[in-house]
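Letters go in sequence order (proteins before strands), and every chain restarts at 1.
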Protein chains: 2
Amino acid sequence: MKSAETIFRQYLKEKGMLVSRQREQVLAAFMKTRNHPTVGDIYNAIRKKNLKIGLATVYRTMSVICDSGLAGEVDLADGLRRFEYKYRHQHHHHLVCIKCGRVIEVTSSRIESLQKKLARQHNFTPARDTMKIFGLCRKCRNRQQS
Amino acid sequence: MKSAETIFRQYLKEKGMLVSRQREQVLAAFMKTRNHPTVGDIYNAIRKKNLKIGLATVYRTMSVICDSGLAGEVDLADGLRRFEYKYRHQHHHHLVCIKCGRVIEVTSSRIESLQKKLARQHNFTPARDTMKIFGLCRKCRNRQQS
DNA sequence: TTTAGTGCAAAGGCTTTGCAGATGT
DNA sequence: ACATCTGCAAAGCCTTTGCACTAAA
């Protein structure tokens with residue numbers, strides 16, 4: 001199976017876009033990041049390695065990576081542009097800890113089918129959906145009790 | 001049953017806050033607005049009536065109305081602060097048309113209970129949740145076919 | 001009167017854009 | 001070589017804040 005890097009290069013070629021050092025670094029940094037990085041997270045990760053890059057480039061490149069299908073935007077209700085890995089990654093929902101920010105990914109085919117049913121009942125053609133539960137993760141709940 | 005206006009006035013009194021012309025106008029405008037207005041929507045609605053108000057006041061007042069429990073913030077994934085009526089209004093989810101912006105509110109107790117179950121399975125204590133399905137409403141789907 | 005609220009404009013925070021210089025092919 | 005990309009700084013947007021003035025109670 002093709003690596004994300006290969007897919008990305010192919011995508012760039014197809015679109016007549018160049019494979020630049022920066023684009024490869026942004027993809028690499030994004031793939032190494034746990035959870036749901038912001039543009040700033042990725043920018044800082046690259047900078048920490050003393051690699052020179054501009055913030056605008058990271059913004060632009062993340063858009064390209066999203067267009068390529070390797071990443072998708074996630075909204076964690078903090079007003080920041082966040083991303084998640086999408087390649088070979090099944091559709092899922094998020095449990096977001098409002099204390100520590102930890103995000104747990106969950107899947108539920110039963111919820112999926114109920115969503116489809118709801119849409120059908122309202123003559124609505126679904127394209128994408130998002131479900132998030134905000135609350136406290138186990139660690140933060142325990143910490144709060146003590 | 002108490003009107004929202006009464007609730008709001010009581011809330012202000014309780015908190016030692018004043019009942020100003022602006023606060024009453026913002027509440028009135030918010031309650032008259034269909035769907036999920038932004039601060040700008042409410043500001044414009046008031047301005048159209050030739051009532052003088054500052055944008056900052058609308059921002060501040062909507063925060064107060066949210067604190068009072070009469071309104072809640074909704075995130076429709078467009079980066080704007082949007083609100084919805086919460087008083088005597090049951091928990092629901094949204095079908096958002098990506099063409100015309102129309103929002104259909106739906107409820108599903110089955111989804112609610114699946115959400116609770118998911119949280120329990122992950123040792124997560126839920127506080128609030130949101131589910132949105134983005135797609136095309138009936139009108140926009142038909143319009144697109146023609 | 002006295003304390004809280006308002007309006008304006010300035011400041012903030014994140015994101016996008018314009019453009020000259022740098023770079024991939 | 002030549003078109004695309006990058007970096008910087010400026011501009012854009014929405015939202016929040018500081019402060020002198022105004023208005024509730």
* **B:H91 and B:H89: CA distance, side-chain angles, deciding distance, ring pair (Phe, Tyr, Trp, His ring centres under 6.0 Å) verdict** => CA-CA 7 Å; B:H91 183 58; B:H89 210 272; over 10 Å; no
* **Audit row: B:K139, B:K99, side-chain contact (heavy atoms from CB on, under 4.5 Å) steps and yes/no** => CA-CA 10 Å; B:K139 281 185 189 173; B:K99 196 80 178 287; over 6 Å; no
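In this structure, A:R82 places its CZ atom 11 Å from P of C:dC14, rounding to the nearest Å. Rounding to whole angstrom units, CZ of residue A:R81 and P of D:dC14 are separated by 16 Å. Rounding to whole angstrom units, OH of residue A:Y43 and C1' of C:dT16 are separated by 16 Å. The separation between B:E24 atom CD and C:dT6 atom C1' is 15 Å, rounded to whole Å. We find that CZ of B:R9 is positioned 15 Å from C1' of D:dA25, with the value rounded to whole Å. In this structure, B:L18 places its CG atom 5 Å from C1' of D:dA24, rounding to the nearest Å. Between the P atom of D:dC14 and the CG atom of A:L80 lies a distance of 17 Å, rounded to the nearest Å. To the nearest angstrom, C1' of D:dC14 lies 12 Å from CZ of B:F83.
With hydrogens and angles disregarded, no donor-acceptor distance shorter than 3.5 Å links the side chain of B:T6 to the backbone of B:K2. In this structure, B:T61 contributes its side chain and B:V58 its backbone to no donor-acceptor pair below 3.5 Å. Counting only distance, with no hydrogens or angles, the side chain of B:T33 and the backbone of B:A29 share a donor-acceptor pair below 3.5 Å. A donor-acceptor pair under 3.5 Å links the side-chain atoms of A:R141 to the main chain of B:N123, judged by distance alone. Checking side-chain atoms of A:H92 against main-chain N and O of A:Q90 turns up a donor-acceptor pair under 3.5 Å.
Side-chain N/O atoms of B:H94 and B:E84 include a donor and acceptor closer than 3.5 Å.
For A:R23 and D:dT4, the shortest distance from a side-chain N or O to OP1 or OP2 is not below 4.0 Å. Dashed line: the shortest gap from a side-chain N or O of A:Q22 to OP1 or OP2 of D:dG7 is under 4.0 Å.
For B:S20, the side-chain atoms get nearest to C:dT6 when compared with the rest of D:dC8, C:dG24, C:dT6. Of the candidate nucleotides D:dC14, C:dT25, C:dA4, C:dT25 has the atom nearest to the side chain of A:V19.
Of the residues in residues 67-78 of chain B, none lies under 4.0 Å from DNA chain C by heavy-atom distance. Taken residue by residue, residues 52-62 of chain A places heavy atoms nearer than 4.0 Å to DNA chain C at A:A56, A:Y59, A:R60.
The C1' atoms of five pairs define one axis at each end of the helix from C:dT1-D:dA25 to C:dT25-D:dA1, and these two axes lie 30° apart (to 10°).
In B:R110, the CZ atom is not crowded: 12 or fewer heavy atoms of neighbouring residues, nucleotides or ligands sit closer than 6.0 Å. Few gaps surround CZ on B:R81; more than 12 heavy atoms of other groups in view lie less than 6.0 Å from it.
Note on ring orientation: taking the six-membered ring where Trp is involved, the planes of A:Y85 and A:F30 are tilted (angle from 30° to 60°).
Positionally, the nearest nucleotide of DNA chain D for B:G79 lies more toward the 5' end than for the other of B:G79 and B:M17.
Of the charged side-chain nitrogens involved, none lies within less than 4.0 Å of a carboxylate oxygen, so that B:E73 and B:R82 do not count as a salt-bridged pair.
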